[in-house]
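Quick caveat, the model's predicted, so the values are computed rather than measured. Heavy atoms only: backbone and side chains are in, while hydrogens, waters and symmetry mates are out.
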Amino acid sequence: MSSLSLIDELIGALKEKYDKERKGCHISDICLCPRESVFRRLNPSALSTMDFMFFIMGSGQHDVIQSLRHWLGNKRMITEKSISYKSVRGHVDAIIDDVVVEIKTQRTKEHSLKSHYVTQIKSYMAMLNRKFGKVFTISLVNYNTPFKIWDITMTDEEITKQREWIEQEGKQYRKALRMKDWKIARAVKGTELDWKCGYCKFKQPCFEYEESKQYK
């Protein structure tokens, strides 16, 4: 077996694993760009070597931290907990002493608490009815300060509002999939998440549709 064919086989296996695990609507589908996620589901394509590399880089950090559960104590730490609310699924990286923990890897020296990190962990907290969470960022290039912890808190009112958001977003996302119409799904063009549009392979049809709505 050549090195190239081995890589291709591993990438194919990862895609098969991903496709099997990604049925339904997940919090990660609605925290970034729901429309891009629907596009991908309706128009599946092969994973690139870069996709494979980013998956390895990200999952490696998660696996190391989650493997410490045995030493920290199984009663104190729960990992990869599957949760669901109004048919929207989620997988929590860790719950330590009843605090929801989300682990994020970053490829910059400066740590940053990105908006979709907050949306994701607050969604998990709302689904679990927890008021305290922590985002654990790991910089792959900052060797002096590789880790940073961000405290996240929610009130009862915020939990209720986040649950309403999850329900509404989930319904819209599932409708787009059911109708096989990506136009139904929410786009992030013109929002703080529109940095994703710069390298989105579905940018042209999405932008053309969004611009056409202005003349209706």
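Hydrophobic clustering places Ile78 together with Ile152 (ILVMFWY residues linked when any side-chain heavy atoms are closer than 4.5 Å, directly or through intermediates). Taking hydrophobic clusters as Ile, Leu, Val, Met, Phe, Trp and Tyr residues chained together by side-chain heavy-atom distances below 4.5 Å, Phe147 does not share a cluster with Tyr143.
From Ser115, atom OG reaches atom CD of Glu192 across 3.5 Å, with rounding to the nearest 0.5 Å. Here the CD1 atom belonging to Ile27 is positioned 4.0 Å from the CD1 atom belonging to Ile166, to the nearest 0.5 angstrom. To the nearest 0.5 Å, the span separating CD on Glu36 from CG on Leu193 amounts to 11.0 Å. Atom CG of residue Asp93 and atom CZ of residue Phe136 lie 11.0 Å apart, to the nearest 0.5 angstrom. Taking NZ from Lys131 and CG from Asp98, the interatomic distance works out to 13.5 Å, rounded to the nearest 0.5 Å. Separation of atoms NZ (Lys171) and CD (Gln168) is listed at 9.0 Å; rounding is to 0.5 Å.
Gln120 and Lys104 share a donor-acceptor pair across their side chains, judged by distance under 3.5 Å alone. Counted by atom type alone, Glu158 and Gln162 present zero donor-acceptor pairs between their side chains at under 3.5 Å.
Within 6.0 Å of atom CZ in Phe132, 12 or fewer heavy atoms from other residues, nucleotides or ligands are found, so the atom counts as exposed in its surroundings. For Glu208, the CD atom is densely surrounded, since the number of other residues' heavy atoms within 6.0 Å is greater than 12.
Applying the side chain to side chain donor-acceptor pair (under 3.5 Å) criterion to Thr119, with sequence neighbours excluded, gives no partner residue. Residues forming a side chain to side chain donor-acceptor pair (under 3.5 Å) with Lys134 (at least two apart in sequence, or on another chain): Asp151.
With hydrogens and angles disregarded, a donor-acceptor distance shorter than 3.5 Å links the side chain of His111 to the backbone of Thr145. A donor-acceptor pair is defined here as one N or O able to donate and one able to accept, closer than 3.5 Å; such a pair exists between the side chain of Arg35 and the backbone of Ala185. Although no hydrogens or angles enter the test, the distance criterion places no donor-acceptor pair under 3.5 Å between the side chain of Glu102 and the main chain of Tyr117. With hydrogens and angles ignored, the 3.5 Å screen pairs a side-chain donor or acceptor of Gln172 with a backbone N or O of Ile184. Formation of a donor-acceptor pair under 3.5 Å by the Thr160 side chain with backbone atoms of Asp156 is found in this model. Here the side chain of Thr105 pairs no donor or acceptor atom with the backbone of Ile138 at under 3.5 angstrom. The backbone N or O of Tyr124 lies less than 3.5 Å from no partner atom in the side chain of Arg130, so there is not a single donor-acceptor pair. The backbone N or O of Lys109 sits less than 3.5 Å from a side-chain atom of Asn142, completing a donor-acceptor pair. With hydrogens and angles ignored, the 3.5 Å screen pairs a side-chain donor or acceptor of Asp181 with a backbone N or O of Lys183.
Ion pairing between a basic and an acidic side chain is recognised when a charged N comes within 4.0 Å of a carboxylate O; Lys189 and Asp194 show no such pairing. Arg163 has no carboxylate O lying under 4.0 Å from a charged side-chain N of Glu167, or vice versa, which leaves the two without a salt bridge.
Applying the ring-ring contact (aromatic ring centres under 6.0 Å, His included) definition to pairs two or more places apart or across chains, those involving residues 173-199 are Phe39-Trp182, His116-Trp195, Trp182-Tyr209.
Only one option out of Val100, Ile159, Ile121 pairs with Met154 in a side chain to side chain contact (heavy atoms under 4.5 Å, CB included); it is Ile159.
Cys33 and Lys196 get closest at one heavy-atom pair: CB-CE, 4.2 Å. Between Ile30 and Arg186 the shortest heavy-atom distance is O-NH2, 3.0 Å. The two residues Arg174 and Cys25 have their closest heavy-atom pair at CG-CB, 4.1 Å.
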Val118 and Leu113: CA distance, side-chain angles, deciding distance, side-chain contact (heavy atoms from CB on, under 4.5 Å) verdict: CA-CA 7 Å; Val118 176; Leu113 183 63; 3.8 Å; yes
Carefully, step by step, assess Leu128 and Lys81 under the rule side-chain contact (heavy atoms from CB on, under 4.5 Å). CA-CA 10 Å; Leu128 290 164; Lys81 181 176 178 61; 3.9 Å; yes
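Taking the ring centre of Trp150 as origin, the terminal cationic atom of Lys148 falls inside the region bounded by 6.0 Å and 45° from the ring axis.
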